[in-house]
Amino acid sequence: PIVMKKGRPSVKLSVLVNAASADRCREIIFRSTTTFGIRSYAVLKTELEREMIDVETQWGTIPVKRGRFKGRIITISPEHECCAKAAAANNITLREVSESVRSIAGKDKL
């Protein structure tokens with residue numbers, strides 16, 4: 001919900017599409033709403049370089065996704081389901097497993 005000029009209530013519709021689909025989406029919006037105009041602009045997305053590794057822990061092997069920016073590890077994300085399964089099987093907390101896996105996976109930080 002937004003407020004338009006003269007205090008009129010309205011709804012803001014945001015659509016994120018690739019350039020190839022933009023014209024079709026504009027047509028759908030014009031045909032499906034009462035709008036007389038659409039603002040559009042390019043959006044850039046920067047992604048981390050990703051790598052998947054397997055981390056050997058005392059509870060078994062846990063897959064981990066590591067994200068790098070300019071060669072440095074920025075994010076370490078263990079697979080949630082595998083951590084949850086290891087935690088349940090060993091009667092420990094999910095947090096304990098996740099933190100341990102992150103620690104092992106981050107030992108080669110640049």
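These figures come from a predicted structure and were not determined experimentally.
Contact between Leu94 and Ala84 at its shortest, heavy atoms only, is CD1-N, 3.5 Å. The minimum heavy-atom distance between Ile73 and Ala105, with the atom names listed, is CD1-O, 4.4 Å. Cys82 and Pro63 make their closest contact through SG-CD, 3.6 Å (heavy atoms, listed as atom of the first residue, atom of the second, distance). Summarising the geometry of Val64 relative to Ile76, their closest heavy-atom pair is CG1-CG2, 3.6 Å, with the distance given to 0.1 Å. Ile104 and Thr57 make their closest contact through CD1-CG2, 4.1 Å (heavy atoms, listed as atom of the first residue, atom of the second, distance). Taking both residues in full, the closest heavy atoms of Trp59 and Val97 are given as CZ3-CA, 3.9 Å, listed atom of the first, atom of the second, then distance.
Environment of CE in Met4: sparse, with no more than 12 heavy atoms of neighbouring residues, nucleotides or ligands closer than 6.0 Å. In this structure, Phe30 places its CZ atom where more than 12 heavy-atom neighbours from other residues, nucleotides or ligands lie under 6.0 Å away.
Here the OG1-CZ distance, from Thr35 to Arg26, works out to 12.5 Å after rounding to the nearest 0.5 Å. Note that CG of Leu13 is 7.5 Å distant from OG1 of Thr33, once rounded to the nearest 0.5 Å. Note that the CD1 atom of Ile92 and the OG atom of Ser100 stand 8.0 Å from one another [nearest 0.5 Å]. Here OG1 of Thr75 is found 12.0 Å from CZ of Arg66. Values are rounded to the nearest 0.5 Å.
One finds no salt bridge joining Glu99 and Arg102 here, because no Lys/Arg side-chain nitrogen approaches an Asp/Glu carboxylate oxygen to under 4.0 Å.
Each of Ile38 and Ile28 belongs to its own hydrophobic cluster when Ile, Leu, Val, Met, Phe, Trp and Tyr are linked at side-chain heavy-atom distances under 4.5 angstrom. Cluster annotation: Leu16 and Tyr41 are assigned to the same hydrophobic cluster (Ile/Leu/Val/Met/Phe/Trp/Tyr, side-chain heavy-atom contacts under 4.5 Å, transitive).
At least one side-chain heavy atom of Met52 sits less than 4.5 Å from a side-chain heavy atom of Glu79. Within the 4.5 Å cutoff, the side chain of Leu48 has no heavy atoms near those of the Arg68 side chain.
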